[in-house]
Student: 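Quick one: the structure is below, questions incoming.
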Amino acid sequence: MTVDMDFVSEHAGRPPARLTRRDVARALLAVPSGQALVAVPDLRRAMFAAGNPLSAAFWDSVKATLAAIENGVATVGDVQRWLEATGTEPILITRDYFVWPEEGERGPVATELYELLVAHLEERVESGEIDPDRLVAGDSAAREVYERIQDRWLATPLPDGRVPGAAVSDELDQELFASWDEEEAFALSELRRVLADLPEPSLPSAELAAAAGRLRALLTEPGYPGNVLRACAGLDGEPLPEDDTELWLTVAAGVASPVSDLQDEDEHQFWDLEGELSQEDAALAALCTIHHADWLATVAALARRGPGVLASPERIARLVAESDDIDVDMDDPEDLETTESLFTSVTPLWRELGIVDDHTVLTALGWWGLPKALERAWSPE
């Protein structure tokens, strides 16, 4: 591969006279740093001949950055900062905490709006509002202008009414939900495959009635664990199901797939990252963190073993690690500890539901209802 003017123009999709600093920088980063360093003098002369010389400050930064990469002393952050100093490379994380997806992970909306922002920044360079030479020199005032321009653009409606920052975030949310739904559908199919090979447990009517009675009282009480179970089941402000089976399955399914968070925003603030989480918030955070695969491995193992099997967090972590139903590598002790820690928030709630007893042993009610609850949690409404 020859790193010359033709290569840079083809890489950028522009003729030499319209190439920007960003175009040149990205083309040089697309090849080995040693090869790019060798090509810089000829490329600089070719740009001058094309009437687009750029600046001495830019070319000095090119040589310094490529040399740092070649010598193994440049960090990813250093290179990103250098790219941004070209004046037309969008900042990956803005002052307002907007985060652009990585290049290979951008959807159609993010790709379109990213290119529109690049064009907007090019206009600001042309107008003199953005000064790339001051940026590459590390001028803090120039950097502040550069960041402010991007924050303002991300928050300003386009002619078609879209607000760029919100539109990109909405697309990311949709992709996340789609990926989540796909993972959930696969987990549900695997759960049903496992259950199809197992005998159907009989309903322990007396145990269910007793558990439902305790649950009805608990769900009316303030504080933990009633507030967590209400949030999991989406029952805050809603009348409880009259049927015991419906109530029990609704709450048990919510533990595996929480419907909502806590409603008292003054007392429970997930976003207060510097504060210590309450018991309720910590429990909900753990429930929302457990992967479909871990739930599948846990419930499948317990369903196969039946009542009387130990279902402590430590045992569950080992069941997940040893499961043939999922493809995971948990040889690292930290992985086991993480799984155990997450299920430490699950087993106390299972105890309230009668899924496990006071010794964290699976009950007949848990054997009968846990697979049904998980299937309900993952089934489309």
Side-chain angles (χ1 to χ4, degrees), residues 180 183-184 187 191 211 214-215 218-219 221-236 248-265 267-273 275-303 309-321 323 326 328 330 332-363 365-366 369-374 376-378:
W180 181 268
E183 182 180 338
E184 195 164 78
L191 175 66
R214 294 193 304 271
L215 196 54
L218 183 62
L219 291 172
E221 297 176 359
Y224 179 87
N227 57 354
V228 172
L229 291 174
R230 285 196 303 272
C232 287
L235 293 175
D236 269 309
W248 192 92
L249 288 174
T250 297
V251 178
V255 173
S257 184
V259 174
S260 65
D261 59 12
L262 297 167
Q263 301 299 308
D264 188 349
E265 295 184 354
E267 182 180 355
H268 307 287
Q269 298 185 21
F270 269 118
W271 58 89
D272 183 11
L273 299 182
E276 184 176 348
L277 287 177
S278 66
Q279 183 181 19
E280 294 94 330
D281 285 335
L284 274 173
L287 297 181
C288 293
T289 304
I290 299 174
H291 295 162
H292 291 94
D294 293 345
W295 281 115
L296 173 62
T298 299
V299 174
L302 295 178
V309 64
L310 182 63
S312 66
E314 300 88 344
R315 182 56 179 149
I316 288 174
R318 180 53 59 187
L319 291 174
V320 172
S323 175
I326 59 174
V328 296
M330 289 179 56
D332 191 331
E334 290 186 1
D335 295 332
L336 286 170
E337 291 175 4
T338 298
T339 302
E340 178 183 333
S341 174
L342 292 175
F343 275 91
T344 297
S345 295
V346 174
T347 49
L349 302 179
W350 277 1
R351 189 178 299 113
E352 299 294 343
L353 284 158
I355 293 173
V356 297
D357 63 18
D358 291 339
H359 302 289
T360 327
V361 170
L362 184 69
T363 65
L365 179 59
L370 195 53
K372 290 178 172 58
L374 191 60
R376 171 178 288 218
W378 291 345

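Keep in mind it's a predicted model, so treat the numbers as computed, not measured.
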Student: Identify the heavy atoms of Val299 and Pro371 that sit nearest to each other, and give their distance.
Tutor: CG1-CA, 3.8 Å
Student: I need the minimum non-hydrogen distance between Ala311 and Val356, along with the two atoms involved.
Tutor: CB-CG1, 3.9 Å
Student: Mind checking whether Val320 and Asp335 have side chains closer than 4.5 Å, heavy atoms only?
Tutor: no
Student: Any chance you could measure Lys372, atom NZ, to Trp248, atom CH2, to the nearest 0.5 Å?
Tutor: 9.5 Å
Student: Taking Ser323 for its side chain and Leu319 for its backbone only, find out whether a donor-acceptor pair lies under 3.5 Å.
Tutor: no
Student: Would Val251 and Leu235 count as a side-chain contact (heavy atoms from CB on, under 4.5 Å) here? Give the steps.
Tutor: CA-CA 9 Å; Val251 178; Leu235 293 175; 4.2 Å; yes
Student: Given 3.5 Å as the limit, does a donor-acceptor pair link the side chain of Thr344 with the main chain of Glu340, or not?
Tutor: yes
Student: Would the distance check show the side chain of Thr363 and the main-chain N or O of Gly354 forming a donor-acceptor pair, the cut-off being under 3.5 Å?
Tutor: yes
Student: Any donor and acceptor pair, going by atom type alone, linking the side chain of Ser345 with main-chain N or O of Ser341 inside 3.5 Å?
Tutor: no
Student: Tell me, which pairs form a ring-ring contact (aromatic ring centres under 6.0 Å, His included) where one or both residues lie in residues 343-362, sequence neighbours left out?
Tutor: Trp295-Phe343
Student: Check Ala297 against Ile326 and note the closest heavy-atom contact, atom names and distance.
Tutor: CB-CD1, 3.6 Å
Student: Grab the two heavy atoms, one from Glu280 and one from Tyr224, that are nearest each other, plus how far apart they are.
Tutor: OE2-N, 3.5 Å
Student: Can you measure from CG (Leu370) to CG (Leu249) and round to the nearest 0.5 angstrom?
Tutor: 10.5 Å
Student: Checking the side chain of Arg230 only, and the main-chain atoms of Leu219 only, is there a donor and an acceptor separated by less than 3.5 Å?
Tutor: yes
Student: Where is the tightest heavy-atom contact between Ala373 and Ala253, given as atom of each residue plus distance?
Tutor: O-CB, 3.3 Å
Student: Between OG1 of Thr360 and CZ of Arg351, what distance do you get to the nearest 0.5 Å?
Tutor: 5.0 Å
Student: Can you tell if the side chain of Thr339 reaches within under 4.5 Å of the side chain of Pro313, non-hydrogen atoms only?
Tutor: no
Student: Measure the CG-CG distance between Leu215 and Leu353 for me, rounded to the nearest 0.5 Å.
Tutor: 5.5 Å
Student: Measuring from Leu342:CG to His291:NE2, what's the distance to the nearest 0.5 Å?
Tutor: 8.5 Å
Student: Can you name the salt bridge (Lys or Arg N to Asp or Glu O under 4.0 Å) partners of Arg376, sequence neighbours left out?
Tutor: Glu246
Student: Roughly how far, to the nearest 0.5 Å, is the CG atom of Leu302 from the CD1 atom of Ile316?
Tutor: 6.0 Å
Student: Checking side-chain contact (heavy atoms from CB on, under 4.5 Å) for the pair Leu362/Ile355: CA distance, chi angles, key distance, verdict?
Tutor: CA-CA 6 Å; Leu362 184 69; Ile355 293 173; 4.1 Å; yes
